[in-house]
Structures are given as structure tokens and as C-alpha cells.
Amino acid sequence: MNEKYNILICFAKLGAGGIETACLTQIKEFARRGYNVFVLAEDGMYSEVLKSIEGVTHLNFKYDSRNSFNLNKIKEVVEIIIQNNIKLVYIHQIDCVSSVFSACIFMRIPYIAYVHHGILGVYDEELSIGNISNNFLQLYYKYAYKIITISELSKEENKERFNITEDKYKVIPNCIDFENFKTSNPININNVLLISRFEKDKGNGVINGLKFFKTYKKLNPDARLTIVGGGSKEDEVKEIIKSMNIECEMLGRRNDVKEIMEKNGIILGVDRCIQEAIALKRYAVVTGYENFQGLVLLDYIEEFSKNNFSKKSEEGLDYKEIAEKIFFLKEEEKKEITNGNYKWLIKNRNIQNNLCEIEDINNIKNPLENIDYKEVIEILFGELQYMHTWMQKEIDRGWDVRQQTEDYYLNRENWNKLQIQEKEKEIEQLKEENAKIKEQLNTTLNSNSWKLIERIRNNKFISKFTGKSKKD
């Protein structure tokens, strides 16, 4: 055990993503500083990595965010806090709020609320994921010891939406552990790496990256593309790649991204992977969520950083212009870009200087010590009403779907009956027409004209007729 107190770090899953790798970076730094770190997250691709870090204990925990308040989950977290003598909790994702925040209220354990929003305007979607109301989320932020946002913009958005006082906030960007990002591998501009999750929230990032590579490939025929990432939109991404006639290697989700980056000279993506590319002294190209944002240069790095390296401006840049800039860089320019970006990053994004550490935990002013339980009860009653309304909407939606399904099949059945009736009418009409045709045929067969034709077709009659003609 380390000499400092025990902390609990909570996030949804040990999977691929910028938040997950940011949490891992913090976990390593806390452990390095002597804290006993307990990680409350569902098993994932980084589970083995945690096992290798001294002073870190992983507690496999599946959050039940879709079901909102699950009392059993809250009790589990309470037990974890008691058994492991947790003194401070870090909550990183909306998935954790209903169970962990509720447990902190029961135990009056101070907690740090993280806001990892690299883009603005996502709270409504988060609330739908967590199935909690805006009032409950406001309560969560109100009683946090500190709220950590990764940018000034996301701080202002949070403060305005939830009416929180300025002194509650700290802006601490997601940072890099430079101890893990050291390389002597040279830059190979023939190797291009695109990193992204294939999800709706990533916007146009993947398509922008593919368009850039296609443009760059025209300049550099030796260029090769590797893609790291996965997600629910993977099949769509593969179809886009096929339609664009791009050859590439898709590696799927990986936990060795740093090693893969080292083999590539140009890194395409947004957010954390851009910082990692700069830390490895690679060309970092921001694909953006909406418009293509281009190459990170020292002149613009501050602007990029304000939006967590997802954009510099609202306007998109020209793919060809950026491709030509990279391809035709002189040796001095290459060093100027990579070294300049690296120096800025190590000064401003080093985890050693950007960690929310509470050293004297026993002397902090814990907001939960003065919690207004009347306010909590009122909001919980409101939450029950919210949940009832939400469930009623789900029930109504289910009934609507059922009704629509029933209506469809009833209409289909009625349509089938009409079709059968129409076909029966057609059959009767065909029968009548057939009877008329038979009657006409019988009349024709019994006519003198038809009998004459029959006699003409008779071979004997033809032979006699022919022979008589010859004599004549």
C-alpha cells in the first residue's frame, strides 16, 4: 500500500476512447504520487494495463445508467467506499452519476465532478443516456467539492446551465504522461494513421480524414493508410472506404496506440490523439467534428487547445493545401513544426503539472457536510415524477408501436381480402369470356365454311383435285 489516502476513480468502462486514456494517465500519476487508487469501471481492453500499475486496484463494475436509480448499485458503491476506506471520489462520466453520487450523499464522501466535453451542446444527449433530469444533474454539480472542466468554454457552458458559482471550478485540460511518450523513430511521411471511434458523436471526422488521405495519395503515391478504431458505425465506414476506392489497413480497437503511432508520420484525428501525436513529434492533422481543420502549427496551437484540439475555427480548410504543405516541407521546417509543438505541449499539457490533487483531505470544506436534505428530497420526488413521465412515454411509445403493428396487419388483412375479392371477380369474368369463346368456337366448327376447309385439308380430295388438273 502507498503512504497516502485511498481514492476512487469512476468511469464507465476500460475501453477505447479519449476519456478512458485521460483517466489512465491520471491513475498512473496518482499512483506515482503515493495514493492508493481504486478504479470503479467495467472490464475492457485496458484491464491488463491497470494490473501492471503498482498501487492500483481495479474493481469491475457495470454501471446501470439506462435504468436510472438502481438501489442495488448504490448499495454496492456504498460497500466499496466502506470496505476500501475511500476518502475522495473522482466521477468522470454521466454513466456513473446516479449510483456514485448517490452513494457519496449517503456516506458524505467528497467528490470531484469532471466535465470532459471537448465540444459544446451535449448535455441533453447525456441526460437521455443517464435517464436523469436536469435538476438532479444540477444537484450533482452543486454539491461537488470541485468541478473540473477541460476548457474555459465548457466551464462557462456548465456554469450558465446549472447556475454554479465561479469558485467551484478548475480548468484542467486532459494531459499527457510524457514518461510514456518518448521515441527516437524518425518521421515517415509515407505512413498515415487515422484514429477515431466510429460513432455518431464523432461527426464528419472519419470522412474528413479519408478525403485528406485520398488527396495526399495523389501527391505521394507511396502513401499508406492505417486506421485504428471501432464502433457501431464500422460497417458504414467500410462502405465509405470502398466507395472512395481507398486501400487501407483497419486494425480495430487497440490498446497499443502509442506503438502504432511511432510507425506513422502523419496522424489524423481529434482531441487526445492529436496531443499524443505532438508528444511523439509527429505531424498532427485535426480532422474536426464538422469541417476539416488541418495541420497543427505553433502559430495556431493555442486556438486548437481551446477546443481540446478538435477545431481552430468554424471554417474548413482545403485538403489539397494541407497535403501539399506537408509533402513539400523542408527539413528545417519539419523540425520547427514538430519541436515547436512539442515544447508548447510539454509546458501546457504535462500531467505532472495538471492534476486535481487534494493533499490535505482531512481539512477540506466538504459541501456534503452541509447538505440541504429538504432540497435533496424535493429533487428526488421530482426525479420520481421525471422517471414516471419517462416510463409513461416509453410505455406509450411501446403501445404506439404495437398499435401501428396491429393496424399494419389489420390493414394488410383487409387489403388481402380486397385483393382476393378482386381476383375472384377477374376469375368469374375470365370464366364468362371463356364460355363465350367456346360457344363461338362450336358455332365455327359446325359452319359450312369450316366443313369446306376440312375437305380442302383432306389429302384424298387434294390428290383427286391435282390429278384432274394434270389431265386437263
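Side chains included, hydrogens not; waters and symmetry mates left out as well; all remaining heavy atoms used. One is the number of the first residue; the rest follow in order along the sequence.
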> After noting the C-alpha distance and the side-chain angles of Val100 and Leu40, does the key distance pass the side chain to side chain contact (heavy atoms under 4.5 Å, CB included) rule?
Replying inline: CA-CA 10 Å; Val100 180; Leu40 195 66; 4.3 Å; yes

> Run the side chain to side chain contact (heavy atoms under 4.5 Å, CB included) check on Leu251 and Ile227 step by step: do they pass?
Replying inline: CA-CA 6 Å; Leu251 302 181; Ile227 300 177; over 6 Å; no

> Should Tyr143 and Phe101 be marked as a ring pair (Phe, Tyr, Trp, His ring centres under 6.0 Å) after you check the CA-CA gap, both sets of side-chain angles, and the distance that decides it?
Replying inline: CA-CA 9 Å; Tyr143 285 103; Phe101 167 51; 7.6 Å; no

>> Asn264 vs Asn191, test: side-chain hydrogen bond (donor to acceptor under 3.5 Å, both in side chains). Steps then yes/no.
In response: CA-CA 5 Å; Asn264 292 271; Asn191 294 345; 4.8 Å; no

> Could you walk me through whether Tyr140 and Phe162 pass the side chain to side chain contact (heavy atoms under 4.5 Å, CB included) check?
Replying inline: CA-CA 10 Å; Tyr140 162 67; Phe162 299 106; over 6 Å; no

>> Between Tyr63 and Asn70, is the side-chain hydrogen bond (donor to acceptor under 3.5 Å, both in side chains) condition met? List the steps.
In response: CA-CA 9 Å; Tyr63 293 94; Asn70 184 325; over 6 Å; no

>> Test salt bridge (Lys or Arg N to Asp or Glu O under 4.0 Å) on Lys311 and Glu303; report intermediate values, then the result.
In response: CA-CA 8 Å; Lys311 72 175 182 179; Glu303 289 301 312; over 6 Å; no

> Going through the checks in order, is the side chain to side chain contact (heavy atoms under 4.5 Å, CB included) test met by Leu268 and Ile266?
Replying inline: CA-CA 7 Å; Leu268 313 176; Ile266 302 171; 4.0 Å; yes

> Does the pair Asp167 and Thr165 meet the rule for a side-chain hydrogen bond (donor to acceptor under 3.5 Å, both in side chains), with working shown?
Replying inline: CA-CA 6 Å; Asp167 61 331; Thr165 57; 2.5 Å; yes

>> Could you go through Lys202 and Glu199, starting from their C-alpha distance and side-chain angles, then the distance that decides it, and tell me whether this counts as salt bridge (Lys or Arg N to Asp or Glu O under 4.0 Å)?
In response: CA-CA 6 Å; Lys202 286 301 178 183; Glu199 300 293 350; over 6 Å; no

> Step by step, would you call Lys258 with Glu276 a salt bridge (Lys or Arg N to Asp or Glu O under 4.0 Å)?
Replying inline: CA-CA 8 Å; Lys258 182 251 182 183; Glu276 293 177 349; over 6 Å; no

> Given the rule in the salt bridge (Lys or Arg N to Asp or Glu O under 4.0 Å) test, do Arg33 and Glu29 qualify, once you have shown the distances and angles that lead to the verdict?
Replying inline: CA-CA 6 Å; Arg33 297 187 186 193; Glu29 185 61 25; 2.9 Å; yes

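For the atom pair NZ (Lys155) and CD1 (Ile150), the distance works out to 14.0 Å, reported to the nearest 0.5 Å. The CZ atom of Phe38 lies 10.0 Å from the CD1 atom of Ile80; values are rounded to the nearest 0.5 Å. To the nearest 0.5 Å, atom OG1 of residue Thr57 and atom NZ of residue Lys51 are 12.0 Å apart. In this structure, NZ on Lys142 lies 8.0 Å from CD1 on Ile164, to the nearest 0.5 angstrom.
Two residues are said to be in side-chain contact when any heavy atoms from C-beta on lie closer than 4.5 Å; Val192 and Thr226 fail this criterion. The shortest side-chain heavy-atom distance between Lys146 and Tyr169 does not fall under the 4.5 Å cut-off. Contact check for Ile109 versus Leu8: no side-chain heavy atoms found under the 4.5 Å cut-off. By the 4.5 Å heavy-atom criterion applied to side chains, Glu324 and Lys320 are counted as neighbours. The side-chain heavy atoms of Asn158 and Ile147, taken from C-beta on, include a pair separated by under 4.5 Å. Taking the side chain as every heavy atom from C-beta outward, Val89 and Ile7 never approach each other to under 4.5 Å. The side-chain heavy atoms of His117 and Ser151, taken from C-beta on, include no pair separated by under 4.5 Å. Proximity of Ile27 to Tyr46: side-chain heavy atoms (C-beta onward) are nowhere separated by under 4.5 Å.
Listed here is the closest heavy atom pair of Val49 and Lys28: CG1-CE, 4.5 Å. Smallest separation of non-hydrogen atoms from Leu194 and Gly209: CD1-CA, 4.3 Å.
Arg272 and Thr25 form a side-chain donor-acceptor contact under 3.5 Å, judged by distance and modelled atom types alone. Neither side chain, Asn84 nor Asn6, offers a donor N or O lying under 3.5 Å from an acceptor on the other.
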Using atom types as modelled, flag every donor-acceptor pair under 3.5 Å from a side chain in residues 175-188 to any protein atom, sequence neighbours excluded.
| unit_1 | atom_1 | unit_2 | atom_2 | d |
| --- | --- | --- | --- | --- |
| Asp177 | OD1 | Arg32 | NH2 | 3.3 |
| Asp177 | OD1 | Glu179 | N | 3.1 |
| Asp177 | OD2 | Arg32 | NH1 | 3.3 |
| Asp177 | OD2 | Arg32 | NH2 | 3.1 |
| Asp177 | OD2 | Asn180 | ND2 | 3.2 |
| Thr183 | OG1 | Asn185 | N | 3.1 |
| Thr183 | OG1 | Glu262 | OE2 | 2.6 |
| Asn188 | OD1 | Asn190 | N | 2.9 |

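Judged as a side-chain contact (heavy atoms from CB on, under 4.5 Å), and not counting sequence neighbours, Gln429 has no contacts.
A distance-only check finds a donor-acceptor pair linking the side chain of Gln293 to the backbone of Ser313 [under 3.5 Å].
For Glu357, the CD atom sits in a packed shell: over 12 heavy atoms of surrounding residues, nucleotides or ligands are nearer than 6.0 Å. Within 6.0 Å of NZ in Lys168 there are more than 12 heavy atoms belonging to other residues, nucleotides or ligands. Heavy-atom contacts from other residues, nucleotides or ligands closer than 6.0 Å to CD of Glu426 number more than 12. Counting heavy atoms of neighbouring residues, nucleotides and ligands inside a 6.0 Å radius, atom OH of Tyr300 does not exceed 12 of them. Within 6.0 Å of the CG atom in Asn245, the count of heavy atoms belonging to other residues, nucleotides or ligands does not exceed 12. Within 6.0 Å of the NZ atom in Lys211, the count of heavy atoms belonging to other residues, nucleotides or ligands does not exceed 12.
In summary, Lys306 and Glu302 do not engage in a salt bridge, as defined by a charged side-chain N under 4.0 Å from a carboxylate O. Taking the charged nitrogens against the carboxylate oxygens, Lys159 and Glu166 do have a contact shorter than 4.0 Å, which makes a salt bridge. Between Glu259 and Arg254, none of the side-chain N atoms (NZ, or NE/NH1/NH2) sits under 4.0 Å from a carboxylate O, so this pair counts as no salt bridge.
Geometrically, Lys233 does not engage Phe198 in a cation-pi contact, judged by NZ or CZ lying under 6.0 Å from the ring centre and within 45° of the ring axis.
Put simply, the residue from Glu48, Met45, His58 that forms a side chain to side chain contact (heavy atoms under 4.5 Å, CB included) with Leu14 is His58. Checked against Tyr90 for a ring-ring contact (aromatic ring centres under 6.0 Å, His included), the options Tyr35, Phe30, Tyr111 give a single hit: Phe30. Of the candidates Asn208, Asn204, Asp271, Asp271 is the only one forming a side chain to side chain donor-acceptor pair (under 3.5 Å) with Tyr289.
The list of ring pair (Phe, Tyr, Trp, His ring centres under 6.0 Å) pairs with a residue in residues 307-337, not counting sequence neighbours, reads Phe292-Tyr319.
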